[in-house]
Amino acid sequence: MSILLLGGTAEARELAVLLDQAGADFESSLAGRVVQPRLPVGRVRIGGFGGVTGLEAYLRTAGITAVVDATHPFAEGMSANALAACAAVGIGLLRLERLGWSGAPYAETWHWVTGHDEAAVVAGRLGARPFLTIGRQSLGAFTGPLEHTAVVARVVDRPDLVVPPRWQIVLSRGPYELASERAILREHASDVLVTKDSGGDWTWPKMEAAAELGIPVVVVRRKAPATGLEIVSDPAAAAAWALGFLDRR
Ligand code: NAP
């Protein structure tokens, strides 16, 4: 095995298909957060490595030649660990990250915030019935500021934390269509949409629906990437990079 593909995203699964088709030796890694993850083709390992030192040990013992970090743009802990561990072991690291929505239609009308704490405050100021689409793990930042607000939170798996009594949890998983996004925002009479700058097409229709319905949108900005890190947004470019490493062996 030579390429480690840190996944959990649609782009990572696309890259796995390309590497598999090219006959490359690779293994995908998932965190194990989601109860029924969408599995990529090829070999898959599931679960954390045990921080930077655990990942370093894994890279050495598994004989990894290079790592593609194709985790979600907001999986900042894993990306930081990959950067540190690859530097320590002296192997190549490529970041595969889908483009954000900062240049998308309507982006200038959105309320851009720097974190979930700020998103909670801004959402509470803008609406009385926020629709949260920021993922289960970030809900904790909203339960305090929006304790008495009629929040609808859409998540893939039921959250571990106890949510306030006025909150409603909607369990579902994308990708979504414009018609169903329009319908769910109407059904809950949502008056503010909260999202991360996840980018990509899979969760874009909610942005279109919010624009149509005149609902304000709060968007959590991405952190700036690490300096010097090579980044591509196209799985085909990441495949070419990874295959180049295998050819050089
Ligand atoms: P995170 O906060 O950056 O990572 C926390 C810890 O989870 C890491 O230190 C690592 O544990 C483990 N981990 C994360 N990704 C892993 C992977 N691909 N393989 C093995 N271990 C992994 O990550 P997160 O935001 O919880 O995201 C977890 C996973 O869900 C990621 O794979 C990401 O691509 C996917 N995802 C995240 C989001 C999001 O909004 N954050 C959305 C969609 C999908 P150790 O320190 O023990 O190695």
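We're numbering straight along the sequence, starting at 1.
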Same apolar cluster: [X] and [Y], side chain cutoff 4.5 Å:
| X | Y | result |
| --- | --- | --- |
| Phe74 | Val113 | yes |
| Ile231 | Leu99 | no |
| Val192 | Leu139 | yes |
| Leu19 | Val232 | yes |
| Ile184 | Leu171 | no |

Are any of the side-chain heavy atoms of [X] and [Y] separated by less than 4.5 Å?
| X | Y | value |
| --- | --- | --- |
| Val220 | Glu118 | no |
| Val156 | Arg136 | no |
| Leu94 | Val67 | no |
| Leu93 | Leu229 | yes |
| His116 | Ile134 | yes |
| Trp241 | Val68 | yes |
| Thr195 | Val218 | no |
| Arg173 | Val155 | no |

Using the side chain to side chain donor-acceptor pair (under 3.5 Å) criterion, which residues pair with [X]? Sequence neighbours excluded.
| X | value |
| --- | --- |
| Glu97 | Arg95, Arg222 |
| Arg98 | Glu11 |
| Ser79 | Asp69, Thr71 |

Any chance you could lay out the side-chain contact (heavy atoms from CB on, under 4.5 Å) test for Leu15 and Leu5, step after step, and finish with the verdict?
CA-CA 9 Å; Leu15 174 55; Leu5 169 48; 3.6 Å; yes
Separation of [Y] [atom2] from [X] [atom1] (nearest 0.5 Å):
| X | Y | atom1 | atom2 | answer |
| --- | --- | --- | --- | --- |
| Leu193 | His111 | CG | NE2 | 11.0 Å |
| Leu39 | Ser28 | CG | OG | 9.5 Å |
| Phe245 | Ile3 | CZ | CD1 | 7.0 Å |
| Ile91 | Cys86 | CD1 | SG | 4.5 Å |
| Thr109 | Met207 | OG1 | CE | 8.5 Å |
| Arg33 | Ile46 | CZ | CD1 | 12.0 Å |

If you apply the rule side-chain contact (heavy atoms from CB on, under 4.5 Å), what do you find for Arg154 with Leu132, and how did you get there?
CA-CA 6 Å; Arg154 182 167 70 185; Leu132 304 188; over 6 Å; no
Look at atom CD of Glu187 and say whether more than 12 heavy atoms of other residues, nucleotides or ligands are closer to it than 6.0 Å.
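Counting other residues, nucleotides and ligands, CD of Glu187 exceeds 12 neighbours.
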Quick one: list whatever passes side chain to side chain contact (heavy atoms under 4.5 Å, CB included) with Asp117, sequence neighbours left out.
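By the side chain to side chain contact (heavy atoms under 4.5 Å, CB included) rule, Asp117 matches Ala141.
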Check: [Y] main-chain N/O paired with [X] side-chain donor or acceptor under 3.5 Å:
| X | Y | value |
| --- | --- | --- |
| Arg221 | Lys223 | no |
| Thr9 | His72 | no |
| Asp157 | Val35 | yes |
| Ser180 | Tyr176 | no |
| Trp101 | Val219 | no |

Apart from Leu178 itself, what residues make up its hydrophobic cluster when side-chain heavy atoms of I, L, V, M, F, W and Y under 4.5 Å apart count as a link, directly or indirectly?
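ILVMFWY cluster around Leu178 holds nothing else.
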Just jot down the salt bridge (charged side-chain N to carboxylate O under 4.0 Å, His left out) partners of Arg60, sequence neighbours excluded, or say none.
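Applying salt bridge (charged side-chain N to carboxylate O under 4.0 Å, His left out) to Arg60 gives Glu56.
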Could you list the residues that satisfy salt bridge (charged side-chain N to carboxylate O under 4.0 Å, His left out) with Glu212, not counting sequence neighbours?
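Expected list: Arg182.
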Salt bridge present between Arg13 and Asp20 (N-O < 4.0 angstrom)
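Result for this pair is no, no salt bridge flagged.
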Salt-bridge present (Glu181, Lys206; N to O < 4.0 Å)
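Answer for the salt bridge query: no.
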Give the table of side-chain donor-acceptor pairs shorter than 3.5 Å for residues 119-131, with sequence neighbours excluded, one pair per line with atom names and distance.
{"from": "Arg129", "atom 1": "NE", "to": "Ala189", "atom 2": "O", "distance (Å)": "2.6"}
{"from": "Arg129", "atom 1": "NH2", "to": "Ala189", "atom 2": "O", "distance (Å)": "3.2"}

With sequence neighbours left out, which residue pairs that include part of residues 29-54 fulfil the ring-ring contact (aromatic ring centres under 6.0 Å, His included) condition?
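Only Phe49-Tyr58 qualify under ring-ring contact (aromatic ring centres under 6.0 Å, His included).
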Which atoms form the tightest heavy-atom contact between Ala239 and Leu18, and what is the distance?
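The pair with the smallest heavy-atom distance is CB-CB, 3.9 Å.
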Listing, residues 142-150 side-chain donor-acceptor contacts under 3.5 Å, not counting sequence neighbours, or none:
{"from": "Thr143", "atom 1": "OG1", "to": "Gly140", "atom 2": "O", "distance (Å)": "3.2"}

Stepwise side-chain contact (heavy atoms from CB on, under 4.5 Å) check, Ile215 with Asp191
CA-CA 5 Å; Ile215 296 171; Asp191 56 5; 5.5 Å; no
Test of understanding: with ring-ring contact (aromatic ring centres under 6.0 Å, His included), list the residues that count as partners of Trp112, not counting sequence neighbours.
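Per chain and number, Trp112 pairs via ring-ring contact (aromatic ring centres under 6.0 Å, His included) with Trp110.
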Contacts of type ring-ring contact (aromatic ring centres under 6.0 Å, His included), residue Trp167, not counting sequence neighbours:
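Listed in chain order: nothing, the list is empty.
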Applying side-chain contact (heavy atoms from CB on, under 4.5 Å), run through Ser233 and Leu96 and close with a yes or a no.
CA-CA 5 Å; Ser233 58; Leu96 168 59; 5.6 Å; no
